Each structure stands twice: as C-alpha cells, then as structure tokens.
Visitor: 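Mind looking over this structure? Questions follow.
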Amino acid sequence: MIALKPDFCDVSLPESDYSMEDYASSKARWCSGCGAHTILNSVQKLCKEEQLTPEKTVFVSGIGCSSRFPHYMNTYGFHGLHGRAFPVACGVKFRRPDLNVFVVTGDGDCCSIGAGHWVHAIRYNMNLVVLLFDNAIYGLTKKQTSPTSPLGTISNTHPTGSVLPPINPIQATLGLPNVSFVAQTVDWKPAHLHATIKKAYEHQGLSFVRIVQRCPVFMRDTYEPTVSDPDAITVLNHEDGILLNEKTLNSFRHIVEHDPSDIIKAREKAEIVKETTPIGLFYQNENATRYDQYGAHNLGISTDDRLSAINTLMDRYAI
Amino acid sequence: MSNTSQTTHSEKVNQVKRRTTTEAIVEIVSDSGEGAQKCGQSLGAISAKMGNGVWTVEIIPAEIQPPARSKAGASGIRVRMGTNKVTNMGDHADIVVALNEQVLYGRIDQNAYKSGTILLIENKWATHTEETRLAYEESIDRFKELGYIIHEIPMEKECLKHVSDARKGKNMWVLGLLCNIYDRDLDIAANQIRYVFRKKKEEIVQSNLNLLQAGYEYADQNIDMHFTIPSELSEEEFVVMNGNEAVSLGVMAAGMDVCSMYPITPATSATHAMAETIESAGGIIHQAEDEIAAIGFAIGSSYAGKTAVTITSGPGIALKTEFIGLAVMAEIPLVIVNVQRGGPSTGLPTKVEQGDLLSVLYGAAGDAPKIIIAPATIEECFHYIILARKLAESFRSPVFVLTDANLATGVQPYPRPKIKSEWFAAPIDQSPWKEGLRAFDWDSETGISKRPIPGQKGGMYTLTGLAHDEESHVAYDPSINQQSAENRSRKLAALGQTLKKPIVNGDEEGDLLLVGWGSTLGAIEEAVGRAREKGANVSSLHLHFLSPLEPGLKEIFGRFKKVKTVEINYSDTIGDPLITKENRRYAQLAWYLRAHTLKDIDCFSNVYGQPISPFRILKMLETELDLILIDEQ
C-alpha cells in the first residue's frame, strides 16, 4: 500500500491505494494448471480495481479444493464446513451491510452436500458474490463423481462410468424464486472471466457465477477438447450483459444475442449446455427482494428505545 | 386435601363456609381446542396476582387435533397454588375438571390422581348417543372404584343459557367455577379475561365475563366445596411466565442481534414470545431453512461481531453438531439453547427429558470442550441467557443453556428483573487491531485470546475449522494441534476457577445426598424437605454449571454415606433381566459424576416423559432409607 501524506504534494490523493499484492496472502497450494489460480488472480484484480478495503471484505467458503481460496486472500476469511458456506455468508452479511462478502464454493459443496442452502440463499438474495468453481469432480478427496460430472465420467466411485445425468447449476438456479443474477464463464478465458466477476460484483443482490473450471489432474480428458475447440463455447451477448471489448468478443466463433431481463429465454439458453458451453449473463433482475435489507432495517436503535421495548413486553407478564 | 381447617368465609359469596388450605392442585382436562390451557393459565395468573405461589404445567397431546374423547387426546393443564412459593407440579391432583371422561384415563395412567381426588365431570355425555352414554357410565363406575369422588356437572347446559355455542366460552365458565371454589378475587379474574381477550371484540370479552360470573354463581349455589388459600401480597413487583417466555425475554435483555432458529417442539414458542418485540429491541429473528443453516447463520453473524443465539431441541442439536465443533475449534462466541424433550430420534416431542447432557458434552468429533449451564427455575431461564452471552464473549466459546419441556411450559411468578443496559452486548469493536497481536494469541495461563472482528484494520485472518496456529494458519506441524487443544481445554479450567463450591440443601453430611440438575430442583428440594420433617437424614445439591463442573464435588460427596442423582433420563435398574452392577448403564449426570469424582454414585431416573414429582422421590427415599415418609391417604 502506498500512503502519501497529504502535505507531500498539492494534488489530493485517495487515502489508500491498494495494489494487487495488498490482497495476496500465502502462496496458493492448488495443483499446477488448476483453474483456481486464474480465478484467484482475477478476484485480486477486481479488489484492486474496486479498491475494496481489505478489512471490510470477507471471503466465505466451504470445504473442497476451491474452498481453500480465503487462505490466499489478505482479507477476512471464513473457511468453514463442507456445504455450509451459504448460511455462514448470509449470517455475516445479514446485519453488516458495510462488508463486501464473497462466497467461494465448489460443485460438491454447492450442488451436493449444500444444495438445500443453495436453494435458500438464492431466495434470500443478499448482496453477495457467489463463485461456483465447477470442475465436475471431487478433487480434494481424490476423484469421486460429483453432481455435475458428465454422464459416464470414470471416477473412483464409478470405475465403469457415472450412471446419472448431471445437475445443470445454471438451469437449477434459474428455476428458483427471487433469483437475481445468473452468469457463466470459463477459467481459461481470463478476459471473459474477469468481466463476469466484475459484473457480478456490481450487481445489487446475490450474483451467482458458475465458473467452468479445469482440473488437470483428475479431469484432463473431459476439459481438453472444450479448451482447445473454438466451437465448444457460445457467447451470450447483449448490451446489458457481460461487456467485452471488440477484440475479445471477436475472438469467439459463436456469439448469440440474449437479453438478460428475459428469464424464459434464459432458461432456454441454459439448456444448450448439452451441445456447447454458453458463457455470459443469463439473467439479471435488480428489483428482486433483498433479505439483507430486512436484516439491516433496524440497526442503530437507541439503548433507551431497546430498554423501553423490552419493558413494555415485560409489563404484559407483570402481576 | 392436606393442611385444611374449618374457618373463614368469603365476602364475595353469601354465607359460604370456606376451609383454609395452604395449597391446592387443580387440573382442567379436555379435548384439544377446548381452551383448558387458557382456563388454567388464567387461574394461575389470577392466583399469582393475589400473592399466591403458583406452578402450572401443560398437558399436551402429540397432535394438533387428536381424536375427540380419547385417552391419547388429553389436553389440559395442572395448576398448583399455594400460600408459599411453589416450585414444581406437586403430587396428586385435589380437584379435576374434565370436559369429557375419556381424557382422564391418560392422566390416571400417569398416576396424577389419588383416592379422594374430586372429579368435576361434564354430564352432557350421559344423555348422548348410546355408545357414548355407555362409555360414560362405565367410566363413572370405574372412577368410583378407584376411589375418586365424582360430581357430574351440567356445564354445557349452563353455558347454553349464556351463549349459543358452548365450545366458545365453556373454559371461562369453568374458570368462574374454580374461582368460587378457591376464593379467587373476581375483579382480578375479570381483568385477566379482559387481558386474555384483548385482541377480540368487546362483545366477545363481555360474553366471557358473563360466563365467568355464571360459573362463579353456579358453584356458589350448587357446589359444597369452598376453600381459601391465604396469601400475602409482596411489595416487590413480580412477573409470571413460562420458561420459554423467560428465555425469550433473556435473549432481548442480553442484547442479542440475531436469533437464528428452525421450528422444533418444544423450543419454538420461545421465538413466538419475542417475535413482536425483538425488532424494536434491536435484534432480528432469522427463521432458517433447516437446523444446520440456523446455527451456521448464527455463527456467521457472530464471526462478524453480531451477537447470536440459536434455540432448538435434541434432534436439532444432533443436526447442528458439526457446526458446534466448528464453533469450538474456531472459538466463535455463540449461545445455544436446548429445550430438551424425550429422545432418541423424534422421541416424545412434547414431553420432558434431561436426555441431552452427554450428547452436548461429547457429541462432536474430537475433543470439543464447551461451556454448559442449566437453569433450574423460570427466573434462571431469563438470567442464564444473559450470563451465557457474557460467558460466550469472555471465553470465546459456544455456551449451551440446557432447559427442558418442563421449564418451557411451566409457569411461575418471579421478581421482575430490572433490565439494565449493561446487559446488552457492547457495540462491535472496529478500532484498528493491535499490531503484533495474532488472531489466536492464547494466554498461556487461561487459554483465552482476543478475537478480531471484520472491519478491524490489521486484524485480517481466515478462520478455519482445520487445526490452526495462533495466526489461524493451517497447522502442518502436529505439535500445533496438541497446543491448540490444550488452550481450548484450559479455558474451561479458567472458568472453573471462578466458580463457587455448590451449597448443600440440608445437613452438610449425612446418610444420603441427592444430586440434580435443571428443572428437577423444586421437586427434589420439596421431597428432601418433607423427608427431613419425618426425620430422614437426607440432603440435596443442585448443579447449575455442568461444564466446567462446579468445584469441590468430590469433597462434598465424601461427607455422605451415599450419593444418588435424580434425573429425567434413562438408566438401567439392577435386577432387571441381565442388568448387574457391572453392566448397568447409569443416568447421564451420574455417569459423568462417577468419572469426575471416582465415587460410586447411584442414580434414580426414568423416562415416563413426566416431570418428576416429590411423591416419586419420596417413594424412592422410603426404599433407600427404610423409613415411612408418606402419610397414609
């Protein structure tokens, strides 16, 4: 952090000017080539661009490879229980509107053991950025089928191939009440990834971002074709969507127009995941009910008023 | 009826002879939805307002609408009123008002009545359908055989003189009847009715007042039992409520920012009681999607510096266990109220049990020391929440408050607490974190450390459930795990140092010491008092701190020939098939105290789902001490 005293020069400078390094903590211990490294870099870049005050920023995670994320940020962090990042993050945010809260979760964490909380967190629609690191496999426990593993995935629990179709996290989220922001990106397109995370940060409400993520150790064969094939990705484009510069946009072969205010169309677009990987903003609604606003509505009541409220109730029991 | 003598008259009634009694136990039993509880709660409140000691306990069926006129459907209330303070439900009922005869069978099975108990029974069933009429007649004969004294009362008929639908208001007619029988002040009774129906239209209030008056006059003219229970009005202000309501007020008086819960019997009514007020008192209720989320949300709030409580019962605790372990490991202050009910599994949702002591003590992976306290009275249900919040903050630890279904629904007056602003949690510290101080800077003497709150500049750390060092970094060195476990455990020892040796009720040494915890206090002390009057050499001791345990127990126990716990949970009985002294499974506190003191502590416990009565304890003492302690009835 560069801190210049106000009398050092005439021009007014911001009180603090955080650099990328100010947000970095210990060296990330993910495997070499893991998509999580790119995401970490992008999030630290976002923090710098938005000049997020490190002590006012909290990263909450569950358990899994992705959930090590808070340890690598020099902010407040909460590396809790498997599947339970959502309730913790909602509790952090409920009565602390001054905090920037991010949720980092994985496909097992969010879509399997924590699926109940996922449903309700979407409905609560607190102002959180949710990053779903979806590598379609359990990595930390060494290659078990995840709820988003493609049908037929060979894993240690299904050596002859997984037998159930995967959950589509985008489609599932779009089916929930009070949903307010749903986007998808891939870790290997850093410009799109960053633009998506930025859009998610700017959204007022719960921004659900599924990041299709490479696991080079356990899922190399699954992702290699997608990463190398320019036909494998389709960009959802719109002036209200994820804004890319012309050069980046033109680097994609398949671009379709999609208005993110149209939830019916968003659900249709979520279905094409079977043929291609759609990336971009599926849906946004800034008017959805915000439960964190309810949580903050009665902050700052005076001591006298609090005493008076309790005494009034106590009067009812008086004899 | 005990302790009676021929004396006074009432000013309210003409020439009625009243006998003075120092206490009375009344039950009102009916089908669900007939308002028996409202009637009994009102009688309790009226008596408390007259300066009498009161304890009421609800009789709750498992279903919302159980079948009418059935043994399992008994819904009602017991009210014990006395000249002095009343601390428990007592033994057998003196007078029972039954809106049908079938519901009495469940109570008879529970040994709630004795030979000589007076039953006032609705007589409309005697002229009902043939099947009902026969059942009624058969029951009346059966009750007579059991030695009960029967009065058949035309309740429906009398009510229909005042209302078109007797279901609406029969309970208040019964209240009037009981007010006459027990010389309750009619003005106070009328005010109580106005309070109970404060949200209703004036015509409904008036109709209920008319029924109260009618019931009162009916008893005056048609019933030949009239008592008075002398009382002394205290100068001190009193409040009257049940344990869940006391918990609820405690939550607000402790300045809790967040009460995070999921509906579960018998805990939920604590949340109902605060729902209308808590937002004006600075807090909010969060009804979570499940028990796990409820505690996770509370932990998140607490991590962010907002004080939090979660209120549940045994099955909820089972679901929350992983998060409780996290709160211990990551040293997150949190108050967890467990309103215990019968277990295991769904068990007896509406009935009392003290069955969760060992599960909250040990029910987490690894070594998870936490603070456990148990209020024994309604008043303590209030004050212990405030204490729990302070302990949670001071010791950076989850704190359990163990109440139970008996305390939750038991109603008792207690001195009105004067709410103090210093009971509220202090505003969260947002000053810069002291340079050089680590996130877990464990004090080597106490294990206590100061915690950083998000927003504190320079205090950034990542909380983790993994083994971690002082800086909250993941421990790759095994010695760190040993060291951090030592520090978490040492906090309990540090708290234990501040506790006082418990006070023995009765002689400091003797033949037998009864040890209890939680809601059994009143029954144990009453039984011990009655036994001592008969010359029994018995004392009692009641524990309020269960983790850490109060100091000096081994020394106190050593002064008695025998020590025996009294608990509402399961234990094997020696002599039952296959059960020996060697393989016997002990009641939970006994088990714990045996390990703690290396004394051969016995236990008296059962899981009938009922509060333990002084009578049952006296029966046990008779066997234990080979004395006759109960008067012939």
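This structure is a prediction, so every number in the text was calculated from the model and none was measured. Computed over heavy atoms, backbone and side chain alike; hydrogens, waters and symmetry mates excluded.
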Visitor: Hey, are the side chains of B/Val239 and A/Ile319 touching, using non-hydrogen atoms and a 4.5 Å cut-off?
Guide: no
Visitor: Please identify, among A/Ile301, A/Thr303, A/Leu307, the residue contributing the most non-hydrogen atom pairs under 4.5 Å to chain B.
Guide: A/Leu307
Visitor: Using the ring of B/Tyr303 (Phe, Tyr or Trp, six-membered ring only), decide whether A/Arg95 places NZ or CZ under 6.0 Å from its centre and within 45 degrees of its axis.
Guide: no
Visitor: Taking the six-membered ring of B/Phe323, is the NZ or CZ of A/Arg84 close enough (under 6.0 Å from the centre) and on axis enough (within 45°)?
Guide: no
Visitor: Heavy atoms only: give me the nearest B/Ile285-A/Tyr294 pair and the separation to one decimal.
Guide: O-OH, 4.3 Å
Visitor: Which one of B/Met241, B/Arg416, B/Glu322 has the most heavy-atom pairs closer than 4.5 Å to chain A?
Guide: B/Arg416
Visitor: Tell me, for A/Asp98 versus chain B, whether the close heavy atoms (under 4.5 Å) come from the side chain, the backbone, both or neither.
Guide: side chain
Visitor: Where does A/Leu299 contact chain B at under 4.5 Å (heavy atoms): side chain, backbone, both or neither?
Guide: side chain
Visitor: Relative to chain A, which segment of B/Glu289 carries a heavy atom at a distance below 4.5 Å: side chain, backbone, both, or neither?
Guide: both
Visitor: Given that the side chain runs from C-beta out, which part of A/Leu99 has a heavy atom under 4.5 Å from chain B: side chain, backbone, both or neither?
Guide: side chain
Visitor: Taking A/Val92's backbone N and O only, do any of them form a donor-acceptor pair with B/Ser301's side chain (distance below 3.5 Å, no angle check)?
Guide: no
Visitor: Looking only at heavy atoms, what is the nearest atom pair of A/Tyr76 and B/Ile453, with distance?
Guide: OH-O, 3.1 Å
Visitor: Out of B/His286, B/His473, B/Met252, which one racks up the most heavy-atom pairs below 4.5 Å with chain A?
Guide: B/His286
Visitor: When heavy-atom pairs shorter than 4.5 Å are enumerated against chain B, which of A/Arg316, A/His82, A/Arg123, A/Met73 gives the highest number?
Guide: A/Arg316
Visitor: Quick check on the 6.0 Å ring-centre criterion: do B/Phe297 and A/His117 meet it?
Guide: no
Visitor: Under 4.5 Å between any side-chain heavy atoms of B/Thr462 and A/Tyr72, yes or no?
Guide: no
Visitor: For B/Met460, is there any backbone N or O sitting under 3.5 Å from a side-chain donor or acceptor partner on A/Asn74?
Guide: no
Visitor: Is there a side-chain contact between A/Arg68 and B/Leu466, using heavy atoms and a 4.5 Å cut-off?
Guide: yes
Visitor: Using a cut-off of under 4.5 Å for heavy-atom pairs, which of A/Phe59, A/Tyr124, A/Tyr291 has the most such pairs with chain B?
Guide: A/Tyr124
Visitor: Go through B/Ile188, B/Ile292, B/Ile299, B/Ile278 and name the one with the most non-hydrogen pairs under 4.5 angstrom from chain A.
Guide: B/Ile292
Visitor: Do A/Leu313 and B/Leu249 have side chains that get closer than 4.5 Å, going by heavy atoms?
Guide: yes
Visitor: Between A/Arg96 (side chain) and B/Lys306 (backbone), is there a donor-acceptor pair under 3.5 Å?
Guide: no
Visitor: Against chain A, work out which of B/Ala294, B/Gly283, B/Gly458 has the most heavy-atom pairs shorter than 4.5 Å and name it.
Guide: B/Gly283
